[in-house]
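Accompanying notes for the structure given below.
Residues: numbered from 1 along the sequence shown.
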Amino acid sequence: MQKETEIKLRVSRETLAALREHPLLKKRNKSGWERRELMNQYFDTPERDLARAKVALRLRRDGEEVIQTLKTRGHSVAGLSERNEYDWNLPKAKLDVKKLDGECWPEELAELDKKTLKPIFTTDFVRERAEIAWGRGKTKVVIEAALDFGHVIVGKQKEEICELELELREGEPAALLELAAELAATLALMPCDISKAERGYRLYDANSYSLSLPAPQITAETPLDDAFAALSWHLLSSSQRLAEQYRFNGHWRLLLDWVENLAELRALLSSLGQAAPRQSTHDLRVALDALLEDWRPLVQAGVDDEDVRKAAPEQFLEELEDPRWGLFSLNTSRWLLARTWAADRNVRGNRQGAAQLGSWLPRLLGEEATSLQLQRYQQQPEDLAEQLPRIERIQAWLHHARGVLEVPEMDRLYGELKQLALLANEPITDESLDARKQQAIAVYQNRAWKMLLRI
């Protein structure tokens with residue numbers, strides 16, 4: 001068994017060719033590019049039991065070699081994935097179910113009849129790979145770079161494979177992100193944690209690709225730094241999956257959710273006070289603001305305009321063809337992995353970052369609720385939009401962490417605030433102004449809101 005640590009980056013055909021000649025890869029390439037044709041057959045039961053268990057089983061023909069591989073449930077965060085991999089060389093291209101036993105076989109599949117395993121789809125592609133190595137401080141980094149081009153094939157359907165895969169052989173995982181970010185500075189590289197196997201299943205069944213990720217496990221005792229990191233990783237990972245699926249099927253709801261994820265990440269960034277000094281978050285805030293400036297007005301316009309919704313998929317493909325999205329994703333991953341916000345803060349900032357969420361969050365929400373001055377916007381609803389950043393900060397924490405608060409009616413308050421934010425974004429009309437006024441009253445009279453004002 002070996003542990004596989006890698007990052008997958010979706011690219012265009014033109015970018016794939018540019019990567020082969022990229023000066024950075026040329027400089028660090030210690031082996032030259034080796035070209036191989038890989039033919040892969042994936043197996044599962046008719047009920048897709050392996051897919052549900054997050055297990056991939058394949059036979060690969062690599063030249064004269066036949067390799068049986070089992071990849072078990074792993075861990076993926078913002079495109080950087082880790083999972084256990086088991087390989088067996090076989091004398092012929094026939095699945096050997098006797099190998100699928102012992103510690104490699106997941107316990108949840110113990111009762112599975114392995115005789116029911118059948119071919120489901122193929123992924124056939126040409127791989128050009130090279131050993132990329134350099135010195136990083138006092139340590140050596142070795143990464144296998146693979147340029148893959150081919151197709152996932154399910155019956156008469158197929159989807160193109162065009163990606164850069166970076167797999168860590170020696171060194172720290174941060175080196176993967178550093179290399180990817182350097183390449184993404186001038187090339188459109190889209191972090192994408194959907195494996196070739198997941199693509200096959202998605203082609204086999206369009207609904208098999210799950211957008212939902214496990215919610216971060218945070219409690220009242222979780223330190224603020226840890227809670228912020230967990231929520232930010234979650235939002236970044238979710239935004240990447242939403243971007244991939246919207247690129248694939250163009251469903252409007254996915255674009256709305258993508259923008260909401262980015263807005264929540266932006267709100268969390270600006271809520272931490274001295275725990276995250278503004279200088280440490282500057283570059284990330286600027287990048288997020290640029291994305292939101294372009295995409296938030298579009299999704300707002302598209303709510304009532306079908307032409308905008310129809311044009312959006314093509315516009316989103318143009319976004320993905322620009323380096324901006326990939327570079328933002330990779331730089332954010334590096335920022336979170338290094339916990340950059342905590343690097344140069346003062347004693348008070350360190351104390352705040354170490355504070356338990358259950359004591360820090362009520363104070364933040366109480367201060368924000370008091371500063372919002374909802375009574376004013378019951379009389380002057382036309383000015384409510386100026387308070388959107390504050391509303392969104394409250395809303396983001398209530399969305400993901402209201403369970404740590406011992407305050408009644410938090411679920412209802414979250415819903416009322418969400419409606420208030422929607423109304424604040426709407427164009428001003430007599431009808432919308434009246435709706436804003438009534439919604440401000442509804443929030444102000446909420447029992448949980450009144451308790452926050454007393455904190």
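R136 has no carboxylate O lying under 4.0 Å from a charged side-chain N of E172, or vice versa, which leaves the two without a salt bridge. By the 4.0 Å N-to-carboxylate-O rule, R60 lies too far from E85 to be salt-bridged with it.
Residue pairs meeting the ring pair (Phe, Tyr, Trp, His ring centres under 6.0 Å) criterion with at least one member in residues 118-154, sequence neighbours excluded, are Y42-F121, F121-Y201. Under the ring pair (Phe, Tyr, Trp, His ring centres under 6.0 Å) criterion, the residue pairs touching residues 242-266 are Y246-F316, W258-W295, W258-F316, W258-W325, with sequence neighbours excluded. Annotation: salt bridge (charged side-chain N to carboxylate O under 4.0 Å, His left out) contacts involving residues 264-279, sequence neighbours excluded, comprise R266-D289. Within the structure, the side-chain hydrogen bond (donor to acceptor under 3.5 Å, both in side chains) test picks out the following pairs touching residues 347-367 (sequence neighbours left out): R345-N350. The salt bridge (charged side-chain N to carboxylate O under 4.0 Å, His left out) analysis of residues 109-123, with sequence neighbours excluded, yields no pairs.
Looking at L179 and R28, their side chains come closer than 4.5 Å, going by heavy atoms from C-beta outward. Residues K99 and L70 have side chains not in contact (no heavy-atom distance under 4.5 Å, counting atoms from C-beta outward). The side-chain heavy atoms of M190 and E244, taken from C-beta on, include a pair separated by under 4.5 Å.
Residues that satisfy the side chain to side chain donor-acceptor pair (under 3.5 Å) test with N425, not counting sequence neighbours, are Q300.
Closest approach of L364 to S271, counting heavy atoms only: CD1-O, 3.6 Å.
Applying the 6.0 Å contact sphere to CD of Q279 captures no more than 12 heavy atoms from other residues, nucleotides or ligands. E368 CD: more than 12 foreign heavy atoms inside a 6.0 Å radius.
Side-chain atoms of D49 and T45 form a donor-acceptor pair, as typed in the model, at a separation below 3.5 Å. Judged by distance alone, the side chains of S329 and T332 never bring a donor and an acceptor atom under 3.5 Å apart.
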Hey, mind stepping through L24 and I132 against side chain to side chain contact (heavy atoms under 4.5 Å, CB included) and telling me if it holds? CA-CA 10 Å; L24 183 62; I132 308 300; over 6 Å; no
